[in-house]
Protein chains: 2
Amino acid sequence: MSVRISDSTVRRLSLYLRMLRGLRVRGVELVSSSELADRAGATSAQVRKDLSLFGSCGKRGRGYEVDALTGTIEEILGLSRVWRVALVGVGKIGTALLGYEDMLDRGFRVVAAFDIAPDKIGREIFGVTVSPLSEVESVVCEKGVEIAIIATPPATAPEVAVMLSEAGVGAILNFAPTRISEIDYVPVRTVDLVLELEGLSYLLTSRRRNGDD
Amino acid sequence: MSVRISDSTVRRLSLYLRMLRGLRVRGVELVSSSELADRAGATSAQVRKDLSLFGSCGKRGRGYEVDALTGTIEEILGLSRVWRVALVGVGKIGTALLGYEDMLDRGFRVVAAFDIAPDKIGREIFGVTVSPLSEVESVVCEKGVEIAIIATPPATAPEVAVMLSEAGVGAILNFAPTRISEIDYVPVRTVDLVLELEGLSYLLTSRRRNGDD
DNA sequence: CTTGGCTTGTGAATACTTTCACAAGCCAGA
DNA sequence: TCTGGCTTGTGAAAGTATTCACAAGCCAAG
Ligand SMILES: NC(=O)c1ccc[n+]([C@@H]2O[C@H](COP(=O)([O-])OP(=O)(O)OC[C@H]3O[C@@H](n4cnc5c(N)ncnc54)[C@H](O)[C@@H]3O)[C@@H](O)[C@H]2O)c1
Ligand SMILES: NC(=O)c1ccc[n+]([C@@H]2O[C@H](COP(=O)([O-])OP(=O)(O)OC[C@H]3O[C@@H](n4cnc5c(N)ncnc54)[C@H](O)[C@@H]3O)[C@@H](O)[C@H]2O)c1
């Protein structure tokens with residue numbers, strides 16, 4: 001019954017979903033593939049292909065029902081529920097993430113935080129109490145943590161990932177600029193800020209090289 | 001003379017470069033495509049294809065010269081220099097970014113910061129003085145800002161992007177979960193944390209649906 | 001100098017994604 | 001009920017990216 005949905009399609013589905021939720025709040029009932037496309041930066045054909053992957057619910061001549069489509073995409077992406085998230089490394093970026101309200105609005109609740117620095121442990125930050133990393137196993141189990149975010153220095157990230165996967169975390173989002181290979185079928189995604197800047201550096205440089213065209 | 005290098009290749013080049021710099025510090029002189037591949041999460045054939053895009057410098061039977069290859073990739077990506085970066089929106093994430101030393105180590109120096117909140121303006125944070133957004137044009141020009149990072153609330157991000165491109169910024173890295181379309185040939189990359197979490201949500205959900213295989 | 005082990009560089013093959021283009025279908029209005 | 005305008009769903013085509021597989025080349029050792 002399940003089709004494999006490619007990574008790039010999943011990303012676009014997320015974007016469509018964000019738009020659809022906005023439309024729903026505004027009371028819009030129908031939306032066409034080209035409207036969705038405009039705001040997600042895709043083409044209308046792309047949108048229709050994406051949506052047709054899971055026997056689709058559009059109405060020829062009219063468009064898609066906002067309500068139904070929102071539900072379907074939430075179902076596919078697993079977003080009709082709230083995920084329990086842990087944060088490891090309550091430093092500069094970790095603290096910012098703890099205060100990121102958007103996460104909860106979109107279905108990700110931070111229920112635990114870990115650090116190794118004695119001055120961080122025990123403190124309550126944005127409503128979450130920081131536990132010592134040594135207690136990761138018990139806390140993850142007790143609070144039912146499903147996804148972890150790593151925001152520790154790059155050198156420690158791989159070992160932290162191992163601890164997390166052994167503690168039973170199901171997926172990891174890594175902010176440290178270190179490659180972490182999939183451990184024991186726990187998927188890992190890395191967000192690397194500097195990598196993105198380097199991509200922009202390439203664009204600026206190659207453009208300059210080819211005479212600004 | 002210039003070949004178009006695809007986005008995914010550019011990303012991998014960044015990863016190779018990071019590894020190469022590490023090897024250089026450790027005094028390693030030669031590296032094979034399979035060693036590079038291991039740590040970048042690619043295959044050796046992929047590495048060789050990537051490197052052969054720009055008439056390559058490998059030695060059959062031995063591998064690639066770490067030093068020469070580092071230089072070549074830095075040249076291609078435009079990383080043999082320091083880029084001047086501005087940060088707009090000195091809130092939770094913006095402050096964390098100002099304190100992110102790794103950026104400078106990798107060739108991106110934050111030379112200006114902007115906000116609209118009166119209590120932020122004029123303060124010096126991690127060595128950078130916060131200017132009012134209204135002065136963006138003069139400050140960008142004066143300090144020679146080439147790349148800007150947007151860390152303002154999502155609703156204001158698009159208008160900030162317009163101001164930045166009009167002020168002469170060459171590229172934008174956007175942290176707000178809003179699509180910003182390319183304005184006037186200024187490339188924009190968006191880093192969307194929640195989108196990444198949603199991708200993980202999909203993986204966990206689809207796996208569960210298909211019986212953990 | 002020759003052999004053997006190893007690694008690059010690259011066409012060809014495969015796999016994956018996106019775009020095209022149009023029949024099929026829906027609805028509003030006459 | 002019929003017509004015309006509009007939008008979906010989808011094969012087929014085009015475009016990209018990755019993997020395969022092997023000749024070409026290098027070096028060290030004998
Ligand atoms: N600061 C940023 O804006 C930024 C942006 C993108 C990525 N990053 C990355 O995020 C990571 C953290 O950066 P930061 O600037 O917040 O650094 P930081 O030094 O402010 O914070 C690191 C925190 O991790 C804790 N820590 C260290 N080892 C640990 C371990 N083994 N287990 C648990 N906690 C541990 C430290 O006690 C500290 O609180 C780094 O990998 C950095 O490259 C930072
Ligand atoms: N907090 C996080 O960890 C986090 C993570 C990822 C993405 N983001 C995104 O980054 C953005 C900022 O988030 P935050 O948590 O730092 O919010 P914040 O409210 O702490 O900071 C926003 C800052 O932007 C300033 N600002 C508002 N409008 C502005 C304008 N037009 N020009 C310049 N400055 C302006 C505000 O004065 C404030 O200082 C949001 O779009 C958020 O979705 C935040």
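Toward the 5' end of DNA chain C, the nearer of the two residues A:K49 and A:G61, judged by each one's closest nucleotide, is A:K49. Comparing A:T43 and A:K59 by the nucleotide of DNA chain C that holds the closest heavy atom to each, the one mapping nearer the 5' end is A:T43.
With respect to the salt-bridge test (charged N to carboxylate O, under 4.0 angstrom), the residues A:D192 and B:R18 qualify. Electrostatic pairing of A:E146 and A:R81 counts as a salt bridge here, judged by a charged N lying under 4.0 Å from a carboxylate O.
Distances from the side chain of B:A45 to the nucleotides D:dA21, C:dG25, D:dA17 place D:dA21 closest.
B:R62 comes within 4.0 angstrom of the backbone, heavy atoms only, and of no base. A:T9 comes within 4.0 angstrom of nothing in the nucleic acid, heavy atoms only. Among the protein residues, B:S44 comes within range of no part of the nucleic acid, since none of its heavy atoms lies under 4.0 Å from any strand. Here A:S6 lies in heavy-atom contact (under 4.0 Å) with sugar-phosphate atoms only.
As a whole-Å value, the separation of B:R12 CZ from D:dT18 P is 4 Å.
The side-chain heavy atoms of A:E74 and A:R21, taken from C-beta on, include a pair separated by under 4.5 Å.
How far CD1 of B:I73 is from CG of B:L15: 10.0 Å, rounded to the nearest 0.5 Å.
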